[in-house]
Trainee: 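Below is one structure. I have some questions about it.
Order of the sequence lines sets the chain letters (A, B, ...), proteins ahead of strands, with each chain counted from 1.
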Amino acid sequence: MPAAPLLEIENIAAAYGQVRALWDVSFAVGEGEIITLLGANGAGKTSTMRVISGLLRPIGGEVRFAGESLRLRPSRIVDAGIVQIPEGRALWPRMTVRENLQLGAYTRRARAHQAESLAWVVSLFPRLAERLTQLAGTLSGGEQQMVAIGRGLMSRPRLLMLDEPSLGLAPKLVREVFRVIRQINADGGVTVLLVEQNVRQALEIAHRGYVLETGRTIRSGPATDLLQDPEIKRAFLGM
Amino acid sequence: MFTTQNLVSVAIAALLTAGLYAVMSYGLAIIYGVMKVINVSNAGFLMLGAFMTLMYFQWWHLDPVAGAVLNLLPFFGAGWLVYKLLVRRVVSARPIATLLLLFALWLVIQNVALAIWGSDDQSIITAYTYKSLIVGGFRLPLTRLIVFAVALLALSLLHFVLGHTYVGKALRATVQDPQAALLVGIDTERISALAFGLGTALSGFAGSLLTLLFSFTPDFGGPFQLKSFTIIVLGGLENFAGVTVGAAVLALTESFAVLFMRASLQNVIAYGLLVVALIVMPGGVAQLWARTRS
Ligand SMILES: Nc1ncnc2c1ncn2[C@@H]1O[C@H](COP(=O)(O)OP(=O)(O)OP(=O)(O)O)[C@@H](O)[C@H]1O
Ligand SMILES: [Mg+2]
């Protein structure tokens, strides 16, 4: 791991009302890395992301981004350079693709670079070029996922968090999503935190991974090690 | 009595009314869309808008149309404050809490108005109140034409702001998916305050226009409020374009019903339509449209 991590999560605990979701989550993401979070359903992967993006207020622990404590409203967190692509796309269905993307660049910092960012997004997903005036709700699932990722990139993040981006996509599109994530990281210099059901593919593009179990980080290691680990193979790779 | 001439003039009257109906309901739709709250205090601000217009008229001989424009800023401020000081504190609790709070606010506004202006019927008589234009053989009251034109202008402006400005788009995004709005950095709390201000400004604006057509007392917001409920339910609650459709449907139904029943029963039409709409098409006309097309 690089000397100064971009994101540091220390002993995070969080709950939805009375329902405890996270007990003790700690990990770090270095600048330029792709990190994947593994864990069974309900392990707390989404909740961890929601804490980082400010949607879920932690009851304990600390999140540090670029060396500073991150106790901000969600709108300020986006401004600081973190964006979450939520599970299930969450586009605005009765707005056009262009409007969805434009609003991705809502923060002042991102708004100034809107045209540039749009060109970048269209170069990553050429298919969106001809869909810009279409209502987002009328797109196919794959196209919607492209818009969702594109909308996140429009904010010009330093850290991109993707929650199950390949969910419900055909195998060909799944491969394209992974290809684009790698491209965003390698060419765009964006640090990535990835949660995926396709654990093998996630570990193949990730540098390192962490394993969550009932709201706790229980393991960590380089992705290549995790791919070879018998326990990981049994639990997540169906071997 | 059902000559073509007759029916056309009824349709024209309905159309002219629809503009005002749309303006007085738009605020309700915006506030509902953003925070899923029915702003019952709307009736109070509608009435207050009318009385402020009366004051401007008495103090400075200000025309009600100018009064409508003058109302925009202070009513926006009042709505903003109501959100910041009251609604924000209860809006995350059960919806009934917000509803009761806003209902109480309406009663307070009404009673303050009673204390200041008493319960007498008030009206504003301008130089053009009793004038009319003859167009194509139809006699059109000038006040109705003016109200329609002003309403149309206001609706176009609103349409532009919601459709083509960053803040308007952010507002629509908050209506369609507030969580997604938060995730791109939209301060939805600020959008809510803005929506409440905008909605209240529209109430004050519409209240001014009402004084051109009706006399008023501190009790007078209520019936209009019910019409607005009907309109936004017909329009599909969160569908801003639906407000215009709902307003047209209500105005047409009312106008044509008068051909068959006593004018004093006109309000019953709105209530009846509200009940029918809630039961038969809870998603409004837009949903009905989508259903017949698919
Ligand atoms: N909105 C909510 N209200 C109450 N409890 C919740 C809510 N969201 C999640 N939880 C609970 O928090 C725990 C962690 O859920 P979370 O969604 O973070 O898991 P996950 O790892 O993302 O699971 P999945 O793989 O199914 O997406 C679970 O026990 C879940 O039931
Ligand atoms: Mg999840």
Side-chain angles (χ1 to χ4, degrees), chain A residues 17 46 49-50 52-56 72-96 98-112 114 117 135-138 144 147-148 150-157 160-163, chain B residues 29-30 32-34 36 84 88 92-94 159-195 232 235-245 283-287 289-291 293-294:
Chain A
T46 298
M49 284 194 175
R50 291 167 61 89
I52 300 169
S53 62
L55 291 185
L56 180 60
L72 299 171
R73 284 184 295 175
S75 55
R76 304 299 307 278
I77 290 178
V78 178
D79 215 11
I82 300 180
V83 78
Q84 178 187 356
I85 317 291
E87 189 183 328
R89 313 6 161 178
L91 300 180
W92 300 294
R94 284 172 277 126
M95 296 178 95
T96 63
R98 185 189 292 279
E99 286 176 314
N100 269 272
L101 292 174
Q102 271 177 348
L103 281 173
Y106 186 76
T107 63
R108 196 164 301 233
R109 183 175 57 81
R111 221 177 284 187
Q114 203 196 88
S117 310
L135 290 184
T138 65
Q144 290 196 7
V147 178
R151 184 176 66 183
L153 292 176
M154 291 294 291
S155 72
R156 303 186 82 78
L160 177 71
M161 300 194 290
L162 297 136
D163 196 354
Chain B
I30 289 175
Y32 181 83
V34 170
K36 310 297 175 252
K84 285 284 186 191
R88 186 169 60 102
S92 53
R94 283 175 301 167
H159 190 79
F160 176 81
V161 169
L162 289 175
H164 299 280
T165 66
Y166 243 108
V167 69
K169 288 176 189 181
L171 192 146
R172 284 190 296 137
T174 307
V175 170
Q176 291 181 28
D177 192 332
Q179 189 126 309
L182 276 174
L183 285 177
V184 297
I186 293 170
D187 186 346
T188 54
E189 181 66 21
R190 213 179 128 244
I191 295 290
S192 293
L194 203 82
I232 64 169
L237 280 173
E238 295 186 3
N239 186 334
F240 294 154
V243 173
T244 321
V245 178
V285 179
Q287 187 196 42
W289 184 277
R291 221 188 290 158
R293 277 197 310 180
S294 60

Trainee: Let me know if A:R73 has heavy atoms under 4.5 Å from chain B in its side chain, its backbone, both or neither.
Mentor: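 Side chain only.
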Trainee: Find the distance between CZ (A:R151) and CD1 (A:I85) and round it off to the nearest 0.5 Å.
Mentor: 7.5 Å
Trainee: Supply the atom-to-atom distance B:T165 OG1 to B:L171 CG, rounded to the nearest 0.5 angstrom.
Mentor: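 The OG1 atom of B:T165 sits 9.0 Å away from the CG atom of B:L171.
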Trainee: Which atoms of A:L55 come close to chain B, meaning under 4.5 Å heavy atom to heavy atom: side chain ones, backbone ones, both, or neither?
Mentor: side chain
Trainee: Between A:W92 and B:A173, is there a donor-acceptor pair closer than 3.5 Å when you use the side chain of the first and the backbone of the second?
Mentor: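 Between the backbone of B:A173 and the side chain of A:W92 there is a qualifying donor-acceptor contact (under 3.5 Å).
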Trainee: Between A:Q102 and A:Q114, does a side chain to side chain contact (heavy atoms under 4.5 Å, CB included) hold up when you go through it step by step?
Mentor: CA-CA 7 Å; A:Q102 271 177 348; A:Q114 203 196 88; 3.7 Å; yes
Trainee: Between A:R111 and B:Y166, is NZ or CZ placed under 6.0 angstrom from the six-membered ring centre and within 45° of the ring axis?
Mentor: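 Cation-pi check for A:R111 and B:Y166: passes.
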Trainee: Out of A:Q84, A:M95, A:R89, return the one with the most heavy atom pairs under 4.5 angstrom to chain B.
Mentor: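 Greatest number of close heavy-atom pairs with chain B: A:M95.
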Trainee: For A:E99, which atoms come within 4.5 Å of any heavy atom of chain B: side chain, backbone, both, or neither?
Mentor: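 For A:E99, the side chain is the part near chain B, not the backbone.
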Trainee: Quick one: does B:R88's side chain have a donor or acceptor within less than 3.5 Å of a partner on B:K84's backbone?
Mentor: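 Side chain of B:R88 to backbone of B:K84: a pair is present.
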Trainee: To the nearest 0.5 Å, how far apart are CG in B:L194 and CD1 in B:I30?
Mentor: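 If I round to the nearest 0.5 Å, the distance is 9.5 Å.
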Trainee: Answer with side chain, backbone, both or neither: which region of A:R50 has an atom nearer than 4.5 Å to a non-hydrogen atom of chain B?
Mentor: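 Answer is side chain: those atoms of A:R50 sit under 4.5 Å from chain B.
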Trainee: Within the side chain of A:R94, is there an N or O that forms a donor-acceptor pair under 3.5 Å with the backbone of B:Q176?
Mentor: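 Flag not set: sc A:R94 to bb B:Q176 has no pair under 3.5 Å.
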Trainee: Please give me the minimum heavy-atom distance between A:L101 and A:G150, naming the atom from each residue.
Mentor: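 For A:L101 and A:G150, the tightest heavy-atom pair comes out as CD2-C, 3.6 Å.
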Trainee: Do you know which of A:G54, A:S155, A:P157, A:P74 has the most heavy-atom pairs under 4.5 Å to chain B?
Mentor: A:P74
Trainee: Which atoms of A:A110 are under 4.5 Å from chain B, going by heavy atoms: the side chain, the backbone, both sets, or neither?
Mentor: neither
Trainee: What residues of residues 177-185 of chain B sit under 4.5 Å from chain A when you count only heavy atoms?
Mentor: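 If one takes a 4.5 Å heavy-atom cut-off, the residues of residues 177-185 of chain B near chain A are B:D177, B:Q179, B:A180, B:A181, B:L182, B:L183, B:V184, B:G185.
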